[in-house]
Amino acid sequence: MKTSQPLPLVPMLGGAVTAAVLGYSYGRWRRRGPVAAITPAPVEAHPPPAAQPATMSADGIAEHLAAANAMINLCERIRWYAEDLCHELRSPLTALRTELEEARLHPRQADTARLIENALVSADRLDRVVDSILVMTRLQAASHQSRERFDLAAVVRNEVLMASLHARMRPSDPVVVWAVREQIRQALRNLLDNAHRHALGTVEVEVRHADGTVFLIVDDDGDGVPNADRRRLVERFTRLDDVRRRDEGGTSLDLSLIQAITEVHGGTLHVEDSPIGGARFVLTLPAAQP
């Protein structure tokens with residue numbers, strides 16, 4: 001024989017309350033009629049709140065405009081970078097494909113040694129593009145915690161000694177910056193590589209400090225960059241083939257990377273005439289606070 005279980009208390013109470021509410025509502029509906037039952041109660045009218053005049057200071061308006069202009073500039077730079085990226089990837093891929101197709105069409109006449117050498121050159125260039133992309137993507141992720149205080153002149157001196165380039169460093173006093181050391185090294189390597197590709201035989205490097213600003217200067221004795229092209233070179237860092245047509249092995253992304261690193265660190269980059277006859281690239285950084 002099964003033992004009867006007590007009925008759940010909560011459902012029972014819920015059912016009783018529901019029945020009472022429905023019964024009360026039905027009674028009111030019967031007394032007032034169907035129309036009254038569905039007519040909403042009058043709502044007391046309240047005047048709408050007075051419109052508050054929009055106020056913004058001149059400084060606030062200027063900040064909003066500056067932010068909007070910065071966003072527009074960023075979008076434009078991203079578009080430029082994407083165009084340059086496609087160009088830089090397409091060039092070595094096209095060269096590699098041409099070599100392989102030629103070898104397939106004429107396998108007996110194919111120079112295997114030359115084919116391998118040209119393929120390696122294209123692969124090296126692709127590798128440089130990929131490295132530039134990786135550094136670019138990590139720039140914004142680098143927080144202030146990644147920065148450290150270090151002597152820029154010592155870093156530059158070490159890079160000049162380690163690089164297998166015909167470069168010399170002019171006397172430079174120690175100067176401390178607060179930056180991501182490896183990113184500054186990358187910018188310096190790209191500057192040295194760029195100068196080496198265009199120099200006739202001399203590359204000189206110097207570090208200066210004046211009024212809270214650090215100047216990293218790289219000179220070459222090559223063809224230089226005409227005044228008309230300098231602004232475009234700084235803004236977009238195009239290759240300028242007609243001007244620096246002896247450029248081999250480099251990419252426009254190399255200079256774009258220098259610009260990006262400089263901007264992240266609150267600095268600038270510009271081109272001017274070099275006293276030794278070619279181009280002078282000047283990278284500035286804020287000096288570290290004492």
- Test item: side-chain donor near acceptor, Gln186 and Glu182, under 3.5 Å: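 No - no donor-acceptor pair under 3.5 Å links their side chains.
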- Determine whether the side chains of Thr284 and Thr268 contain a donor N or O and an acceptor N or O closer than 3.5 Å.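 Yes, side-chain donor-acceptor contact under 3.5 Å.
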Are [X] and [Y] side-chain neighbours, meaning at least one heavy-atom pair lies under 4.5 Å?
X	Y	value
Ile258	Leu191	yes
Arg147	His265	yes
Phe150	Ile184	yes
Val205	Ile217	no
Arg185	Glu159	yes
Leu192	Leu188	yes
Leu269	Val282	no

- Would you confirm whether Ser172, through its side chain, and Val207, through its main-chain N or O, come within 3.5 Å as a donor-acceptor pair?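 Judged by distance alone, yes, a pair lies under 3.5 Å.
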- Task: May I ask you to establish whether Arg208 and Phe215 are in a cation-pi arrangement, using a distance under 6.0 Å from NZ or CZ to the six-membered ring centre and at most 45° from the ring axis?
- Result: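 Pair Arg208/Phe215 does not count as cation-pi.
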- Message: Taking CD in Gln289 as the centre, count heavy atoms belonging to other residues, nucleotides or ligands within less than 6.0 Å. Is the count above 12?
- Response: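 No, the 6.0 Å shell around CD holds no more than 12 heavy atoms from other groups.
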So if you build clusters from Ile, Leu, Val, Met, Phe, Trp, Tyr with side-chain heavy-atom gaps below 4.5 Å, do [X] and [Y] land together?
X	Y	result
Leu100	Leu126	no
Val264	Leu285	yes
Leu89	Leu120	no
Ile276	Phe281	no
Leu216	Val155	yes

- Task: Quick one: do Val156 and Met169 satisfy side chain to side chain contact (heavy atoms under 4.5 Å, CB included)? Show the steps, please.
- Result: CA-CA 8 Å; Val156 173; Met169 184 171 180; 3.9 Å; yes
- Item | Arg170 and Asp219: CA distance, side-chain angles, deciding distance, salt bridge (Lys or Arg N to Asp or Glu O under 4.0 Å) verdict | CA-CA 11 Å; Arg170 294 191 286 264; Asp219 292 309; 2.7 Å; yes
Using 0.5 Å steps for rounding, measure from the [atom1] atom of [X] to the [atom2] atom of [Y].
X	Y	atom1	atom2	answer
Leu283	Thr262	CG	OG1	3.5 Å
Leu96	Asn118	CG	CG	9.5 Å
Asn158	Met162	CG	CE	5.5 Å
Ser122	Asp127	OG	CG	12.5 Å
Gln259	Ile261	CD	CD1	10.5 Å
Leu93	Thr98	CG	OG1	10.5 Å

- Should Arg197 and Asp193 count as an ion pair when the cut-off is N to O under 4.0 Å?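 Here Arg197 pairs with Asp193 in a salt bridge, since their nearest N and O are under 4.0 Å apart.
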- Query: Any Lys/Arg nitrogen of Arg181 or Asp151 sitting under 4.0 Å from an Asp/Glu carboxylate oxygen of the other?
  - Reply: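 The answer is no: the pair does not qualify as a salt bridge.
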- Task: Test side chain to side chain contact (heavy atoms under 4.5 Å, CB included) on Asp220 and Thr202 and set out the steps.
- Result: CA-CA 6 Å; Asp220 68 67; Thr202 303; over 6 Å; no
- Query: What are the two closest non-hydrogen atoms of Ala153 and Asp173, and how far apart are they?
  - Reply: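 Residues Ala153 and Asp173, closest heavy atoms: CB-O, 3.6 Å.
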